[in-house]
Amino acid sequence: QVQLVESGGGLVQAGDSLRLSCAASGHTFSRYAMGWFRQAPGKEREFVAVINWSGSSTYYADSVKGRFTISRDNAKKTAYLQMNSLKPEDTAVYYCAAERLFGIAVRVVDFGSWGQGTQVTVSS
């Protein structure tokens, strides 16, 4: 497993942008698929985006497609989530997750390592 620490959350207005970072510890970061999930109050944790180990494959939830971009820097052991055109409905705690996969996955149960989460609040 890897240890994950998210950062970059905050309070922004609708239409603004934020970039979340997920720093990983461990020697095998490049073998892990990285995912971003979010959880709003009273709701289940939901998939946002995922990137495979090399960065060659990504997949997004329909709700964020075209607005969010997931990326990674294996040399820095860090994954990113660039969030543009933010909407109030994007308000949630955002979690990064990692799993040693050759491909990608989108379910919460598919990921074994999780960060502590970072709050994103978008005001209207």
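- Crowding of Q116 atom CD: a count of heavy atoms from other residues, nucleotides or ligands under 6.0 Å exceeding 12.
- F47 is connected to V93 through a chain of hydrophobic side-chain contacts under 4.5 Å among Ile, Leu, Val, Met, Phe, Trp and Tyr, so both are in one cluster.
- The CD atom of Q1 sits 10.5 Å away from atom OG1 of T28, with the distance rounded to the nearest 0.5 Å.
- Cluster membership check: I104 shares its hydrophobic cluster with W114, using side-chain heavy-atom separations under 4.5 Å among Ile, Leu, Val, Met, Phe, Trp and Tyr.
- Closest of all the heavy-atom pairs between T118 and G9 is OG1-N, 3.2 Å.
- Looking at N74, its side chain never comes within 3.5 Å of a backbone N or O of K77 through a donor-acceptor pair.
- Across all their heavy atoms, C22 and M34 have their closest contact at SG-CE, 3.9 Å.
- Note: the hydrophobic cluster containing V50 does not contain L101 (ILVMFWY, side chain heavy atoms under 4.5 Å, direct or indirect links).
- Applying the side-chain contact (heavy atoms from CB on, under 4.5 Å) criterion to T78, with sequence neighbours excluded, gives S21, A23, K76, Y80.
- Looking at T91, its side chain does come within 3.5 Å of a backbone N or O of V122 through a donor-acceptor pair.
- The CD atom of E99 sits 14.0 Å away from atom CZ of R31, with the distance rounded to the nearest 0.5 Å.
- Atoms CZ and CD, from F37 and E46 in turn, are 10.0 Å apart once rounded to the nearest 0.5 Å.
- Tracing side-chain contacts under 4.5 Å through hydrophobic residues (I, L, V, M, F, W, Y), one reaches V64 starting from L81; they form part of the same cluster.
- In this structure, the side chains of V48 and R38 come closer than 4.5 Å at one or more pairs of heavy atoms.
- Of the possible polar contacts, one joining the E6 side chain to the C96 backbone as a donor-acceptor pair under 3.5 Å is found.
- Here R72 contributes atom CZ and T58 contributes atom OG1; the two are 12.0 Å apart, rounded to the nearest 0.5 Å.
- Listed by chain and residue number, V12, M83, L86, V120 satisfy the side-chain contact (heavy atoms from CB on, under 4.5 Å) test with L18 (two or more places apart in sequence, or in another chain).
- When all heavy atoms of F29 and A24 are compared, the pair lying nearest together is CD1-CB, 3.4 Å.
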Apply side-chain contact (heavy atoms from CB on, under 4.5 Å) to residues L4 and Y95 and explain how you reach the verdict. CA-CA 9 Å; L4 306 172; Y95 298 89; over 6 Å; no

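- Closest of all the heavy-atom pairs between F68 and Y60 is O-CE2, 3.3 Å.
- Using modelled atom types and a 3.5 Å distance limit, the side chains of Q82 and T69 yield no donor-acceptor pair.
- For G35 against F111, the heavy-atom pair with the smallest separation is N-CE2, 3.8 Å.
- Open room surrounds NZ on K43; 12 or fewer heavy atoms of other groups in view lie less than 6.0 Å from it.
- The closest donor-acceptor contact from the side chain of R100 to the backbone of G112 lies at 3.5 Å or more, if one exists at all.
- The pair K87-D90 does not meet the salt-bridge criterion, since no charged nitrogen lies less than 4.0 angstrom from a carboxylate oxygen.
- Between S17 and S85, the closest heavy-atom pair is OG-N, 4.3 Å.
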